[in-house]
Amino acid sequence: MRAPVTILICVLTAAALTACDSNRDLRNEVERLRKQVAQDRLQCDHAQALEARDSSEVRQRLVRIGELRADMEWDELVSAGEAGTAELLVQAKRRMSNPDYQVQRDRELESLDREVALYKQDEPRRREYRRIACDALLASNEAYRAAKAKLSAATKLDG
């Protein structure tokens with residue numbers, strides 16, 4: 001009586017170990033894909049953050065360009081004698097406090113124009129980088145879900 005019970009226990013243990021071992025590859029694949037999803041999420045988030053930061057910086061530069069161009073227009077009005085007293089006083093005060101103001105303003109304007117042009121030139125590359133990174137995240141998420149469903153189904157069959 002003892003021998004058949006012992007044999008039955010051994011057979012059941014062997015079957016359980018075989019089932020566990022057959023799912024090991026699936027569990028390893030699910031774990032690998034989970035790590036891949038986490039890595040892809042980081043890359044996608046990083047690409048989105050870079051794009052948002054660059055876009056924000058360009059907006060700030062465009063605002064500054066607008067301010068500098070408005071200042072240039074005031075200078076032209078003052079030079080043409082079409083400005084009022086308040087504008088004349090502002091320009092005179094600015095020149096007294098910084099005689100090189102116009103030269104510095106013009107340099108800053110050129111620099112900002114160059115930076116904005118470079119950003120606009122590089123913008124398609126950044127968008128493509130973000131698109132690729134986020135598409136990779138979607139693909140790895142899908143693969144992870146499929147592998148997890150496969151493991152779940154295999155575990156139910158074994159159980």
For the student: nearest non-hydrogen atoms of M72 and L109, plus distance: SD-CD2, 3.3 Å
Nearest heavy atoms of A143 and L33, plus distance in Å: O-CD1, 3.5 Å
Interatomic spacing from CD in E51 to CD in E123 - rounded to 0.5 Å: 7.0 Å
Shortest non-hydrogen contact between D40 and S140, atoms and distance: OD2-OG, 2.9 Å
Full working for side chain to side chain contact (heavy atoms under 4.5 Å, CB included) between R41 and D45: CA-CA 6 Å; R41 181 174 315 285; D45 290 347; 3.6 Å; yes
K150 and D25: CA distance, side-chain angles, deciding distance, salt bridge (Lys or Arg N to Asp or Glu O under 4.0 Å) verdict: CA-CA 11 Å; K150 211 177 194 183; D25 289 340; over 6 Å; no
Of R59, R126, K120, R130, the residue whose pairing with D54 passes salt bridge (charged side-chain N to carboxylate O under 4.0 Å, His left out): R126
same_hphob_cluster(L62, Y119) at 4.5 Å side-chain heavy-atom cutoff: yes
Between CG on residue D71 and CD on residue E76, distance to nearest 0.5 Å: 10.5 Å
Residue pairs fulfilling disulfide bond (SG atoms under 2.5 Å apart) with at least one residue in residues 92-146, sequence neighbours excluded: C44-C134
E31/R34 under salt bridge (Lys or Arg N to Asp or Glu O under 4.0 Å): CA gap, chis, key distance, verdict: CA-CA 5 Å; E31 182 61 21; R34 183 190 64 76; 2.4 Å; yes
Exceeds 12 heavy-atom contacts within 6.0 angstrom, atom CZ of R127: no
Salt-bridge criterion met for E142 and R145 (N-O under 4.0 Å): yes
R107 and S111 side chains, donor-acceptor separation under 3.5 Å: no
Distance (rounded to the nearest 0.5 Å) between D113 CG and L118 CG: 11.0 Å
Pairwise distance CD(E128) to CG(D135) - rounded to 0.5 angstrom: 8.5 Å
Contact summary for H46 and Y129, nearest pair of heavy atoms: CD2-OH, 4.0 Å
Pairing of E29 and R32 as salt bridge, 4.0 angstrom limit: yes
Ionic contact status for E67 with R64, cut-off 4.0 Å: yes
Steps toward salt bridge (Lys or Arg N to Asp or Glu O under 4.0 Å) verdict (E57, R53): CA-CA 6 Å; E57 287 178 4; R53 184 204 67 199; 3.6 Å; yes
I65 CD1 to E108 CD distance, which is reported to the nearest 0.5 Å: 9.0 Å
L137 versus V37, closest heavy-atom pair with distance: CD1-O, 3.7 Å
Contact summary for A154 and L26, nearest pair of heavy atoms: CB-CD1, 3.8 Å
